[in-house]
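Labels below follow one simple rule: chain letters A, B, ... track the order of the sequence lines, proteins then strands, and each chain is numbered from 1.
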Amino acid sequence: MEYNHKEIEKKWQDHWFNNKRFEAVDFSEKPKYYNLVEFPYPSGEGMHVGHIRAYSSLEIVSRKRRMEGYNVLFPIGFDAFGLPTENYAIKKKVHPRIVTDKNIEIFLNQLKTGGYSFDYDRVIDTTQEDYYRWTQWIFVQLFKKGMAFRDRTFVNYCPSCKVVLSNEDSQGGKCDRCDTAVVQKEKDVWFLRITKHAERLLEGLNELDTLPRIRIEQENWIGKSTGAHVDFKVKDTDEVLQVYTTRPDTLYGATFMVIAPEHHLLKRQHDKIKNMDAVHRYQEEAKLKTEFERVELAKDKTGVKLDGIVAINPLNQKEIPIFVADYVMIGYGTGAIMAVPAHDSRDYEFAKKFDCEIVEVISGGNVEEEAYLATDEGILVNSGMINGLTVQEAKEKIIAYLEEKNIGTKATNYKMKDWAFNRQRYWGEPIPVIHCDVCGMVPVPEEDLPVVLPEVDDFQPGEGGESPLASIEEFVNTTCPVCGQPAKRETDTMPQWAGSSWYFLRYTDPRNTKVLADYKKLEYWMPVDWYNGGMEHVTRHVIYSRFWHQFLFDIGVVPTAEPYKKRTVQGLILGPDGDKMSKTKGNVVNPLTIIEEYGADTLRVYTLFIGDYEQSTPWNDNGVKGARRFLEKLARLETKVSDEENQSYQTILHKTIKMVDEDIESLKFNTAIAKLMTLVNEMGKAEHICKTDFEIVLKLVYPFAPHICEELWNGLGHTEDMVYVSWPTYDPAKIVETVLEMVVSVNGKVRDKIQITAEMSESEIVELAKSSERILELTEGKAIRKVIVVPNKLVNIVV
RNA sequence: GGCGACGUGGCGGAAUGGUAGACGCGCUGGAUUCAAAAUCCAGUGGCUGCGAGGUCGUGUGGGUUCAAGUCCCACCGUCGCUACCA
């Protein structure tokens with residue numbers, strides 16, 4: 001067969017897609033299997049080799065599952081709201097709707113060119129009204145249950161994108177989109193009460209089949225810690241300054257307190273604080289600092305001592321000063337800390353600079369030199385009732401004491417904050433809320449959904465961080481659905497994470513106009529059996545979507561408590577230079593040129609052969625040729641096919657069936673392909689190949705390189721395509737080697753090899769090993785102290 | 001700073017504690033060809049030896065073990081995530 005990839009691939013793609021060969025069937029009798037890959041953002045760049053790699057894993061698994069007799073749901077869609085499209089629309093003066101539709105069409109064609117076996121009848125697009133209607137519907141439910149609320153706080157604001165960013169989108173003090181330094185801005189914004197689910201999000205991880213590093217990253221993100229809330233009285237006031245600490249055992253060492261610049265105490269005790277001018281100046285400075293300055297340039301501690309008020313240490317009744325300093329964050333714990341300089345490096349640094357008392361309360365270090373951070377070992381000193389106790393004992397005793405005296409409680413805290421849920425841009429789901437002077441905030445009635453994005457001429461965001469929707473009077477002005485009075489619409493839109501937080505549900509019933517998805521269909525398809533995606537989405541998207549899913553479960557909309565059974569991640573494909581692919585570095589590999597030159601089968605095989613699937617690895621153009629050669633060798637086997645049986649390759653054939661099966665299930669595609677290459681090389685040496693054996697090889701290669709396999713399968717005279725032919729199983733009898741080689745080593749060094757047969761006993765093997773000429777030379781005149789036999793592997797003789 | 005992963009030929013990478021370097025790329029030699037491409041065959045970690053072989057070798061230094069790339073400890077380096085988290 002001449003390998004004309006263009007012709008073959010076109011032919012089979014037309015056949016599959018025109019005949020809907022990958023259609024997922026609702027309520028089929030077959031067992032269901034739901035494979036999910038993260039849906040792409042339809043950028044103008046189109047498909048990237050990263051997409052190929054990301055989708056290929058479950059593409060392989062989906063093809064294999066169909067052959068194994070499953071009813072497979074393997075869907076694809078588009079997460080199409082977001083800034084790049086909007087920015088492009090602003091620049092080129094084209095409506096984002098037009099840009100999005102065009103990009104989606106291109107992307108879908110590219111996916112088909114790659115031969116991906118998605119069910120293309122279930123394609124969804126988060127920007128379509130019939131989709132975001134349900135995104136808004138979920139928001140309304142969240143709002144009704146008090147899970148969505150509005151609050152005035154300092155938010156991360158990108159002066160370039162003119163957008164309020166969540167903490168997740170402004171990591172490292174830089175805007176996720178444009179890298180501009182983020183500043184703090186006070187604003188009324190929407191939040192989702194995800195912190196209420198912190199514990200459940202943590203517990204749900206126990207049910208998730210995933211790698212430890214993936215689970216740990218999520219656990220760290222949620223950031224649970226345990227300790228105590230402790231109340232400190234502020235002298236001569238009714239004020240109680242509450243702190244959160246993980247180290248209540250060090251309470252006797254608390255020699256001063258620090259509150260965040262935004263702490264409400266400053267406003268409340270305004271009159272008593274004598275140096276309020278200095279405090280105000282400090283607050284202003286802190287506000288102007290970007291996140292970057294606050295974190296990266298934090299080497300030097302700054303702060304202002306409050307003049308006029310002091311706190312009382314509740315254990316020893318000592319008066320201790322209160323400082324304002326920006327090393328304490330308003331958003332974590334209570335925004336105030338008890339400072340224990342002897343045993344916390346930040347407090348130590350601050351105490352040294354501001355000349356505060358340092359009292360050692362845990363022995364073992366040298367607090368003259370540095371903070372002693374002992375956690376487990378170490379005995380309490382200078383600590384009244386807990387002297388002599390271990391840290392653990394002291395913690396328990398102090399908490400009991402605090403609770404008894406009613407000045408503190410055992411407490412749990414989470415790093416995770418409520419989810420800042422808003423954008424001030426055009427291309428997003430309008431938040432379906434109406435502001436009425438009489439009734440307050442009222443959700444848009446469900447029958448009025450969706451709140452449709454209005455047509456506008458200018459998508460440019462307002463200078464003050466206002467949404468472009470705010471300037472459209474026909475949109476803003478409405479009537480209150482409760483009292484009928486004139487009212488105004490909310491003009492914020494949702495962040496991009498919204499549409500992706502439930503998309504996997506919509507795939508089960510993508511055209512439903514009554515509910516987000518039919519409950520019976522959800523019961524049939526959910527949960528997602530296997531979800532593959534990027535490491536970068538493990539902490540944000542996965543947690544957000546689990547939160548929404550848990551909420552939807554609580555209100556009876558979905559049948560499972562957790563959405564995903566298994567989560568895996570793919571490693572990045574780096575540029576040929578080993579750097580992350582980027583347009584600016586000019587090291588981007590375009591998958592379409594590879595498909596053009598070598599074919600989709602080659603591209604698919606190469607992107608999986610390139611290295612460990614879960615590890616990052618650089619692209620290598622030469623490697624592509626190897627993948628292509630493999631397929632050519634496979635095609636050449638066709639010429640050797642006969643009806644006659646051939647025993648010469650049976651062992652390796654059946655071993656390969658076993659290993660390829662196992663490797664696919666454990667994402668070891670690189671070794672699966674290596675073993676298939678070995679098999680094809682071996683069978684190439686045979687005089688003739690039995691037709692049924694060649695069929696097995698085609699079935700094994702099919703998930704990786706389906707087009708050429710279909711062609712060869714067809715060439716054998718089959719009229720039915722390979723999509724639902726049965727996956728091969730190995731014959732256990734055939735993988736047992738009758739004659740095999742064992743290594744004989746002396747003191748762990750390999751010295752000889754012996755041929756044994758499967759029937760030989762261990763003592764026979766040892767005798768054979770000892771009597772080998774090479775071994776006799778080495779053991780002559782020495783006493784054999786020990787002989788270790790590892791069945792079918794080696795004999796080690798210790799002298 | 002914290003958490004995590006990783007470190008193996010010229011390159012990408014294989015190795016349930018049991019023959020280190022599977023498989024691929026590249027390279028060398030040969031066959032084929034008028035020649036080339038393609039294809040096929042052989043070889044391909046270092047040092048050493050005519051040779052059978054010997055010896056060293058998985059970032060560095062220790063340890064456990066009959067046996068360590070693999071397990072443990074320390075250090076060095078690279079990458080990812082996170083970050084004054086109290």
For this session: Any chance you could lay out the side chain to side chain donor-acceptor pair (under 3.5 Å) test for His197(A) and Arg546(A), step after step, and finish with the verdict?
Result: CA-CA 10 Å; His197(A) 280 243; Arg546(A) 289 181 53 222; over 6 Å; no
Please tell me which of the listed nucleotides, [options], lies nearest to the side chain of [X]?
X         : options                : answer
Ile337(A) : A86(B), C6(B), C23(B)  : A86(B)
Ala674(A) : A22(B), C66(B), G12(B) : A22(B)
Arg751(A) : G54(B), U39(B), C66(B) : G54(B)
Lys793(A) : A22(B), G18(B), C66(B) : G18(B)
Tyr332(A) : A86(B), C6(B), U39(B)  : A86(B)
Lys625(A) : G18(B), U55(B), G26(B) : G26(B)
Met677(A) : A86(B), C66(B), G24(B) : G24(B)
Met329(A) : A5(B), C84(B), U82(B)  : C84(B)
Leu794(A) : G18(B), G12(B), C66(B) : G18(B)

side-chain N/O [X] vs [N] OP1/OP2, d < 4.0 Å:
X         : N      : answer
Arg636(A) : C40(B) : yes
Arg346(A) : G1(B)  : no
Arg629(A) : G26(B) : yes
Arg215(A) : C81(B) : no
Tyr244(A) : A86(B) : no
Thr617(A) : G13(B) : yes
Asn681(A) : G24(B) : yes

Exercise. If you count the non-hydrogen atoms of other residues, nucleotides and ligands that lie under 6.0 Å from NZ in Lys410(A), is the total more than 12?
Worked result: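 Counting neighbours around NZ of Lys410(A), 12 or fewer heavy atoms of other residues, nucleotides or ligands fall under 6.0 Å, so no.
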Exercise. Would you say Lys580(A) has more than 12 foreign heavy atoms packed within less than 6.0 Å of its NZ?
Worked result: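 Counting other residues, nucleotides and ligands, NZ of Lys580(A) stays at 12 neighbours or fewer.
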Using atom [atom1] of [X] as one end and atom [atom2] of [N] as the other, report the distance to the nearest whole Å.
X         : N      : atom1 : atom2 : answer
Leu572(A) : G12(B) : CG    : P     : 17 Å
Leu679(A) : A22(B) : CG    : P     : 18 Å
Asp621(A) : G26(B) : CG    : C1'   : 14 Å
Ile765(A) : G18(B) : CD1   : C1'   : 15 Å

Exercise. In terms of side-chain geometry, is the basic nitrogen of Arg540(A) or Glu217(A) positioned less than 4.0 Å from the acidic oxygen of its partner?
Worked result: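 The answer is no: the pair does not qualify as a salt bridge.
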Problem set entry | N-O pairing of Glu662(A) and Lys658(A) below 4.0 Å |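 Yes, this pair counts.
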Exercise. When we call it a touch if two heavy atoms are under 4.0 Å apart, what does Arg785(A) touch: a base, just sugar-phosphate, or nothing?
Worked result: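 Contact class for Arg785(A): none.
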Exercise. Which residue, Gly626(A) or Tyr606(A), contacts RNA chain B at a nucleotide closer to its 5' end, judged by nearest heavy atom?
Worked result: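 Looking at the nearest nucleotide for each, Tyr606(A) comes out on the 5' side.
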Exercise. Toward the 5' end of RNA chain B, which comes first, Lys675(A) or Lys415(A), by nearest nucleotide?
Worked result: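 Between the two, 5'-proximity favours Lys675(A).
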Exercise. Does a side chain donor of either Tyr414(A) or Thr195(A) reach within less than 3.5 Å of an acceptor in the other side chain?
Worked result: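 Absent: no donor and acceptor within the cut-off.
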Exercise. Short question: side chain of Thr409(A), backbone of Ala411(A) - any donor-acceptor pair under 3.5 Å?
Worked result: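 The answer is no, because no donor-acceptor pair under 3.5 Å joins these two groups.
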Partner nucleotide of [N] by Watson-Crick or wobble geometry (both distances under 3.5 Å):
N      : value
C71(B) : G63(B)
G26(B) : U44(B)
C3(B)  : G80(B)
A31(B) : U39(B)
U16(B) : none

Exercise. Less than 3.5 Å between a donor and an acceptor, one on the side chain of Lys753(A) and one on the base of U19(B), is that the case here?
Worked result: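 Donor-acceptor pair under 3.5 Å: yes.
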Exercise. Can a donor-acceptor pair under 3.5 Å be found between the side-chain atoms of Asn622(A) and the base atoms of C25(B)?
Worked result: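 Flag unset: no donor-acceptor pair detected.
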